[in-house]
Each structure stands twice: as structure tokens, then as C-alpha cells.
Amino acid sequence: MGLEEHIPSKDNGGSKADKECPDCSGTRFVEDDVRAEIICFKCGLVIEEKLIDDGPSNVFSNEDWDKQTTGPASNIMIHDKGLSTEIGWKNRDYNNKRLPKKRGAQVYRMRQWQNRIRFSNSTERNIMVASKEITTIGAKLNLPESIKESAMVIYRLAANKSLVRGRSIEAVVAFSIYAACRLADNPRSLDEIAEYSDQNRKQIGRTYRFLKRKLKVKLNQTKPQDYVDRLCSELGLSRETKFYSLDIIAKATEAGLVSGRGPLGIAASSTYLASRIYGEKRTQKEIAQITGVTEVTIRNRYKEMIKKLNIDLPE
DNA sequence: AAGACGAAAGTGGTTGA
DNA sequence: TCAACAACTTTCGTCTT
């Protein structure tokens with residue numbers, strides 16, 4: 001049990017399961033739905049990342065069947081959590097027989113009131129727009145369902161405390177996503193999120209500071225370590241290199257080279273060093289492009305590390 | 001020619017009075 | 001609210017491979 005539970009027993013679609021790990025040629029994979037990655041079960045290599053979450057696959061397993069009431073599970077991504085009654089749009093009864101004219105008109109009025117009541121509250125209307133936005137941006141960033149859901153929870157929190165008023169929905173959405181990512185130890189930079197939001201970076205930053213204060217969300221400082229995984233697999237680096245990069249970060253932390261510095265810069269330069277030392281050299285430019293820090297920063301950081309940690313570079 | 005280097009000036013965020 | 005400050009970026013000329 002344990003990890004085994006996560007291993008898909010059937011090919012979902014086929015192509016994924018008949019893959020081989022390029023590193024150890026293992027054929028069993030674990031899906032990590034927090035980071036949205038497929039990881040080799042044998043050696044831990046990230047095979048595929050930024051998976052699109054296709055939702056729970058076992059909603060109707062035998063065990064669950066008994067517990068099922070009717071309808072799908074409550075879903076936070078729908079503004080009323082999918083729990084309200086729907087009045088069908090067709091003027092037909094449960095036998096699919098056309099309703100008499102008079103009855104049809106009545107159902108029409110019911111439908112109208114239903115919608116008025118459902119969306120009457122401006123907060124609910126607002127949340128509805130936000131949930132669409134979270135879904136859109138979440139898809140563009142390839143975020144797993146769990147993070148989108150917690151973003152929605154955070155948005156609701158803000159909306160219910162009337163903190164959205166006077167701020168744009170988009171900016172609050174951006175904050176919710178940013179915070180949800182951080183809470184899941186799968187940090188994305190504000191820049192990354194701003195890229196897909198039609199709000200500018202500045203406004204998102206301002207909203208971020210405001211909401212962080214008001215909601216009192218405790219966001220741990222992002223750690224450079226959290227970026228290393230994603231960075232290394234994007235650079236196609238081996239596990240050894242990745243672990244060495246993490247090792248450098250640990251030593252740099254002890255030496256006081258980390259606090260006060262941007263975590264992305266640290267991750268970038270430790271990975272740069274590791275890649276050179278392990279003979280898988282990547283250029284500063286390459287790493288700079290992926291991480292979004294400049295080559296200059298990578299240089300400054302890694303020179304510091306070499307000096308303070310006594311690291312020898314192969315020529 | 002590409003990559004690495006480092007100086008200099010500019011930008012945006014944090015902090016403390 | 002403002003100035004001082006450190007981190008980081010941009011730009012650019014130079015050196016190295």
C-alpha cells in the first residue's frame with residue numbers, strides 16, 4: 001500500500017503507461033497531483049510535468065457507491081458548490097413529454113426566479129466570475145485541481161469579508177492563485193501569474209500586500225529548494241545533479257548566503273553550479289531564461305557560493 | 001561566434017525615523 | 001511620509017573558449 005495506491009492500474013489512454021523511464025527504463029510511474037508531475041517509481045525522475053488534472057477517477061468505486069446520495073460530489077469550483085436545484089431548460093416533464101402550454105409558462109417563470117434568487121447576492125455573482133477566471137488562469141498555468149480548489153477557497157474568504165470591493169476581481173484572483181500555490185509548496189512567481197492575468201504586475205503586487213495583511217494568511221517564505229525540482233527537469237538534468245544542487249543550497253543556507261536573497265536566484269545559481277560540476281553544463285543564459293532572473297544575478301550568487309563554500313569548479 | 005565576466009546606472013521593495 | 005539601503009535588473013564593453 002502507500003505509494004502503490006497512486007499507481008494507475010489501467011492505462012489511461014494508453015500512451016502514458018507504455019512509456020519507459022529514460023533513466024532506469026522502469027515502467028511504473030507515480031502521479032504527484034500536488035505538483036502535477038509524473039514521476040518514475042523506481043528512480044524518482046520526473047517524466048512529465050504540468051499534467052492537466054483529469055479529476056478523480058474512482059468516484060464510483062463499489063465502496064463509494066453505498067455512500068453515494070444522488071448527484072455528483074459537492075464542487076467548490078461552482079459558485080454555489082453545485083448543490084442547488086437546477087430547473088431544466090426544456091419544457092418537458094420527467095417522461096420527456098412536452099408540457100402543456102400553461103404549465104410551460106409556469107416553469108419559465110420558476111426558472112427566472114430561480115436565477116434571480118441564485119445570483120441575487122452580489123458576492124455570489126462576484127464569486128461566479130472569479131471561479132471562471134481561476135479556471136482559465138489555472139489551466140494556462142497547468143495547475144492541478146487541488147490548487148485551483150484552494151485558490152477558490154481563498155477567494156471566497158476574501159469575498160465574504162468584503163475585501164474584493166474596490167479592487168478588481170482579477171487582482172484578487174491572482175492573489176488567490178499565488179497564495180494557493182505557495183501553500184501547496186509549488187510556488188509560482190507573481191510574474192508568472194501576471195503573465196496570464198490581464199492585471200499588471202504592479203496592481204497584483206499591491207493587492208497581494210493588502211490581502212495578505214487583511215486575511216492574515218501565513219505564507220512561509222518560499223524556499224529555493226521548492227524551485228529546484230521544476231528547474232532541473234526543465235533543464236533535463238539528472239537526479240544526481242538535482243540532489244547536488246539541493247546540497248549546495250543547504251550549505252549556502254548554513255553559511256548565511258540565502259536569507260535576504262531572492263530564492264529563485266539561489267535556486268538558479270546552485271543548479272548552475274551543480275550542472276557544471278556534474279558535467280551536464282547548462283549556460284547561464286539558459287537557466288536565466290527559465291527562472292526569470294538575470295545572468296548577472298546568477299553570476300553574483302554563484303561566485304559568492306564558490307568563495308564561501310570552497311567549491312572547486314572543473315576548469 | 002557564443003559564453004562568461006564585471007562595471008555602472010537604474011528600478012522597485014523594505015525599513016526605520 | 002520620506003530617505004536610506006540592499007537586492008536585483010539592464011546595458012554594454014571586454015575577455016575567454
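On a predicted model such as this, the values are computed, not experimentally measured, just so you know. Order of the sequence lines fixes the chain letters, A, B, ..., with proteins taken first and strands second; residue numbering starts at 1 for each chain. Hydrogens, waters and symmetry mates play no part in the numbers below; they use all other heavy atoms, side chains included.
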How close or far is atom C1' of C/dT17 from atom CG of A/L313, stated in whole angstroms? 15 Å
Report the distance from atom CG of A/L264 to atom C1' of C/dA7, rounded to the nearest whole Å. 14 Å
To the side chain of A/K281, which of B/dC5, C/dT10, B/dA4 is closest? B/dA4
Rounded to whole Å, how long is the line connecting atom CZ of A/R276 with atom P of B/dA4? 7 Å
Closest to the A/V296 side chain: C/dT10, B/dG3, B/dC5? C/dT10
Side-chain atoms of A/K303 come closest, of B/dA4, B/dG6, C/dT10, to B/dG6
Tell me: CG of A/L190 to C1' of C/dC8, nearest whole Å? 16 Å
So which atom in A/A252 and which in A/L309 form the shortest heavy-atom distance, rounded to 0.1 Å? N-CD1, 4.0 Å
So, does A/Q284 get its side chain near the phosphate of B/dA2, meaning an N or O under 4.0 Å from OP1 or OP2? no
Which base, if any, makes a Watson-Crick or G-U wobble pair with C/dA6, both distances under 3.5 Å? none
A/R301 has an atom CZ; how far is it from atom C1' of B/dG6, in whole Å? 14 Å
If I take atom CG in residue A/N300 and atom C1' in nucleotide B/dA8, what distance separates them, rounded to the nearest angstrom? 13 Å
Roughly how many Å is it from CZ in A/R299 to P in B/dG3, rounded to a whole number? 13 Å
Categorize A/R261 for me: base, sugar-phosphate, or nothing, with a 4.0 angstrom heavy-atom threshold over every strand shown. sugar-phosphate
Check whether any side-chain nitrogen or oxygen of A/Y302 sits under 4.0 Å from OP1 or OP2 of B/dA4, and answer yes or no. no
Heavy atoms under 4.0 Å, any strand shown: does A/G260 hit a base, just sugar-phosphate, or nothing? sugar-phosphate
Please report, rounded to the nearest Å, how far the C1' atom of B/dC5 is from the CD atom of A/E304. 16 Å
So, is the end of the A/R282 side chain (NZ or CZ) under 6.0 Å from the ring centre of A/Y272 and within 45° of the ring's axis? no
Could you verify whether a donor N or O on one side chain and an acceptor N or O on the other, from A/Y227 and A/N186, lie under 3.5 Å apart? no
Using a heavy-atom cut-off of under 4.0 Å over every strand shown, decide if A/T283 touches base, sugar-phosphate, or nothing. sugar-phosphate
Side chains of A/E280 and A/T241: do they bring a donor and an acceptor to under 3.5 Å? yes
Note: A/K148-A/E145 ion pair, threshold 4.0 Å (strictly below): yes
